[in-house]
Amino acid sequence: MYVMHNSEYPLSCFALFENGPCLIADTNFDVLMVKLKGFFQSAKASKIETRGTRYQYCDFLVKVGTVTMGPSARGISVEVRPW
């Protein structure tokens, strides 16, 4: 399970299962996961972050950003979706 946060939805927490559904919960989900630490083992304490700019082009929203893991840049992210 991967726990993710999105700055566009600051009051939500997203949990993605490898072969299953996506769970959307409030920010207290992190507190619950800390309490269940004895049942779940954290794979890595790595933080992956994408920072960039949003553009609107016609009927589309385009997001371009740099993906960083710790202090080093790892790649570029481009997201295009309908507005």
Side-chain angles (χ1 to χ4, degrees):
M1 176 174 57
Y2 302 96
V3 179
M4 300 185 349
H5 298 273
N6 189 335
S7 60
E8 292 182 4
Y9 306 99
L11 299 177
S12 297
C13 181
F14 302 90
L16 302 171
F17 296 92
E18 285 190 16
N19 295 320
C22 173
L23 172 72
I24 302 172
D26 64 8
T27 52
N28 289 332
F29 183 75
D30 288 333
V31 176
L32 177 65
M33 291 307 294
V34 169
K35 290 183 179 183
L36 295 175
K37 199 172 197 176
F39 299 102
F40 292 100
Q41 181 179 359
S42 180
K44 269 189 172 179
S46 61
K47 179 180 178 182
I48 299 173
E49 186 175 83
T50 302
R51 288 184 183 253
T53 310
R54 293 172 41 152
Y55 302 99
Q56 182 180 352
Y57 180 73
C58 297
D59 290 339
F60 294 97
L61 181 65
V62 180
K63 298 179 188 178
V64 180
T66 304
V67 179
T68 58
M69 185 172 174
S72 59
R74 296 291 184 176
I76 297 172
S77 171
V78 179
E79 177 184 346
V80 180
R81 64 180 177 140
W83 179 251

For this session: Report the residue from Tyr55, Tyr57, Phe60 that forms a side chain to side chain contact (heavy atoms under 4.5 Å, CB included) with Val80.
Result: Phe60

For this session: Output the distance between atom NZ (Lys35) and atom CG (Asn28), rounded to the nearest 0.5 Å.
Result: 9.5 Å

Exercise. Under the side-chain contact (heavy atoms from CB on, under 4.5 Å) test, which residues partner Tyr9, sequence neighbours left out?
Worked result: Asn6, Ser12, Phe14

For this session: Quick one: pull up CG in Asp59 and CH2 in Trp83 and give me the separation to the nearest 0.5 Å.
Result: 10.5 Å

Exercise. Mind checking whether Val31 and Leu11 sit in one hydrophobic cluster, side chains of I, L, V, M, F, W, Y counted as touching below 4.5 Å?
Worked result: no

Problem set entry | Distance-minimising heavy-atom pair for Cys13 and Asp30 | SG-OD1, 3.7 Å

Would you give me the side-chain donor-acceptor pairs under 3.5 Å for residues 62-70, sequence neighbours excluded?
{"unit_1": "Lys63", "atom_1": "NZ", "unit_2": "Glu8", "atom_2": "OE1", "d": "3.0"}
{"unit_1": "Lys63", "atom_1": "NZ", "unit_2": "Glu8", "atom_2": "OE2", "d": "2.9"}
{"unit_1": "Thr68", "atom_1": "OG1", "unit_2": "Glu49", "atom_2": "O", "d": "3.4"}

Problem set entry | Residues, nucleotides or ligands: over 12 heavy atoms within 6.0 Å of Leu23 CG | yes

Problem set entry | Co-membership, hydrophobic cluster, residues Leu36 and Val3, 4.5 Å side-chain | yes

